[in-house]
Amino acid sequence: MNTTHDPDSDAAGGPAVERARELLAQSVEHLDGRVRSRLTQARHAALEEIEQRRGARAWTSWVPAGAAAAIAVMAVTMWSQAPREVAPQARNAVVLEDIELLADGEMFDLSEEDFDFYEWAANEAETDGDEREG
Amino acid sequence: MGASATLPRAYNMAVADRDGHDLQDAIRERKRALDQFFLSVERKAFRIAQLSLRHEDDALDAVQDAMLQLARAYGARPAEEWKPLFYRILENRVRDMQRRRAVRAKIMAWLPFRGGDEGEAEDDPIAQVPSPAAGPVTQLEQAEAMGALEGVLGRLPARQRQAFLLRSFEGLDVAQTAKAMGCSEGSVKTHYFRAVHALRSEMAEYAT
């Protein structure tokens, strides 16, 4: 049996097919109100989808700009909170100041009066310095 | 200097504004075209889905899903591609529903209590109201012929039914039907020929 067929002759299909087509067309014409209403709702929902997707696309187009801004803020924050490198000149000034302090006889007298305090202060200074370098 | 400095900026703003309007116009136009397309296919699509699923609400759900999917995934495609794509999506949706229904039926067969929502449409008095478009005798004859047609179409293998409905009812050509069915044009011709053959023999008494 030859199963392939000329599509042009298929389109006619004889009276039975013509009747089937007619019946189907009539059934579509006389759909009840509930079905028509549901179809209209479905159509509107699908069209709404386009609008929503457009909105979502517009929102996502701002994501790269937002990400760049967030990275910039983070970079500035990290930079501003990073420990500063002490300049060599400033370090030398502190050493000279310490020598002057020790050379000063009056100050030395004071140190004798409260030796524990100066020992504690020196330890604190050392610990602070280690932490900065570490 | 001031004028020359502001000119490119003003120009750029005008171009951006024009592009924005162009985009909005294009989207509006696309929505209008899709609306027209859905209007042109929705009723036939519903009937095609209903003939396969034999359930009104499931058919409506299938059509709605197909519309959403087309708008979501293929709305930007050329309008002439929509119809085969839409029916392809619809057919996939129908098949999914049939599969799910078969699984549900198997599960329900094992359960002691079977909550049936299948009979709801039959019990709904509004659904039972006949269409006022034709006289009672004509209506009866049409209902009888329609019942016979639905019976014949229901007994056809799914692919034959699909080929027949897409070609004869929806009016797709062989190439479009092949795209919608995801098969070769030769297969479409074969399925269609067999469907027509069955209809000729079983609908002969209703053919006037």
Side-chain angles (χ1 to χ4, degrees), chain A residues 1-69 72, chain B residues 23 27 30-31 34-35 38-39 42-48 51 56-57 59-61 63-72 75 126-127 129 131-134 142 145-146 149 152-153 164-165 167-169 173-174 185-186 188-190 192-194 196 199-204 206-208:
Chain A
M1 186 176 127
N2 182 18
T3 52
T4 57
H5 209 71
D6 178 14
D8 292 332
S9 67
D10 287 349
V17 172
E18 195 52 48
R19 179 73 174 133
R21 198 177 290 143
E22 199 180 285
L23 285 166
L24 288 167
Q26 280 171 2
S27 73
V28 163
E29 289 301 314
H30 301 133
L31 288 177
D32 66 52
R34 191 186 82 91
V35 171
R36 288 204 302 270
S37 167
R38 280 278 312 268
L39 289 171
T40 304
Q41 285 171 17
R43 180 158 36 89
H44 288 167
L47 296 173
E48 195 65 31
E49 179 78 9
I50 295 178
E51 203 63 42
Q52 282 174 1
R53 283 182 73 79
R54 185 186 150 213
R57 250 200 306 270
W59 182 84
T60 51
S61 68
W62 286 98
V63 168
Chain B
L23 183 67
I27 288 167
R30 180 67 49 176
K31 271 183 77 172
L34 261 178
D35 190 34
F38 287 146
L39 258 175
E42 64 186 18
R43 292 186 182 198
K44 285 182 179 177
F46 163 72
R47 285 297 284 140
I48 288 172
L51 285 164
E56 197 172 274
D57 284 329
L60 284 166
D61 287 346
V63 172
Q64 176 160 357
D65 288 351
M67 284 179 173
L68 278 168
Q69 183 69 18
L70 186 88
R72 198 178 289 156
I126 295 170
V129 174
S131 166
Q142 280 184 354
M146 191 66 216
L149 176 61
V152 177
L153 290 172
F164 175 77
L165 289 171
R167 292 274 287 114
S168 281
F169 181 38
D173 60 27
V174 177
E185 294 184 17
V188 169
K189 289 175 188 174
T190 305
Y192 183 76
F193 173 74
R194 288 177 180 169
V196 166
L199 273 162
R200 273 182 189 148
S201 61
E202 294 197 47
M203 288 292 290
Y206 299 100
T208 50

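Chain letters run A, B, ... following the sequence lines, proteins first, then strands; residues in each count from 1.
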Taking all non-hydrogen atoms of both residues, which atom of [X] and which atom of [Y] are closest, and how far apart?
{"X": "Met203(B)", "Y": "Ala16(A)", "result": "CB-CB, 4.1 Å"}
{"X": "Gln64(B)", "Y": "Ala45(A)", "result": "NE2-CB, 4.0 Å"}
{"X": "Ala46(A)", "Y": "Leu68(B)", "result": "CA-CD2, 3.7 Å"}

Looking at Ala145(B), Ser201(B), Gly75(B), which has the largest count of heavy-atom pairs under 4.5 Å with chain A?
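Among Ala145(B), Ser201(B), Gly75(B), the one with the most close pairs to chain A is Ala145(B).
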
Of the backbone (N, CA, C, O) and the side chain (C-beta and beyond), which part of [X] lies under 4.5 Å from a heavy atom of chain A, both, or neither?
{"X": "Asp61(B)", "result": "both"}
{"X": "Leu149(B)", "result": "side chain"}
{"X": "Leu51(B)", "result": "side chain"}

Within the structure provided, determine whether [X] and [Y] are in side-chain contact (heavy-atom separation under 4.5 Å).
{"X": "Val17(A)", "Y": "Phe164(B)", "value": "yes"}
{"X": "Leu24(A)", "Y": "Leu165(B)", "value": "yes"}
{"X": "Met67(B)", "Y": "Leu47(A)", "value": "no"}

Got a sec, which residues hit salt bridge (Lys or Arg N to Asp or Glu O under 4.0 Å) with Arg43(A), two or more places apart in sequence or on another chain?
Asp35(B), Glu42(B)

Region of Leu39(A) in contact with chain B, defined by heavy-atom distances below 4.5 Å:
both

Which atoms of Gln26(A) are under 4.5 Å from chain B, going by heavy atoms: the side chain, the backbone, both sets, or neither?
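Interface part for Gln26(A): side chain.
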
Approximate separation, where rounding is to 0.5 Å, of [X] [atom1] and [Y] [atom2]:
{"X": "Arg43(B)", "Y": "His30(A)", "atom1": "CZ", "atom2": "NE2", "result": "10.0 Å"}
{"X": "Leu34(B)", "Y": "Glu49(A)", "atom1": "CG", "atom2": "CD", "result": "11.5 Å"}
{"X": "Lys44(B)", "Y": "Leu31(A)", "atom1": "NZ", "atom2": "CG", "result": "12.0 Å"}
{"X": "Phe169(B)", "Y": "Ser27(A)", "atom1": "CZ", "atom2": "OG", "result": "5.5 Å"}
{"X": "Asp57(B)", "Y": "Arg38(A)", "atom1": "CG", "atom2": "CZ", "result": "5.5 Å"}

Quick one: list whatever passes side chain to side chain donor-acceptor pair (under 3.5 Å) with Glu202(B), sequence neighbours left out.
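Listed in chain order: Arg155(B).
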
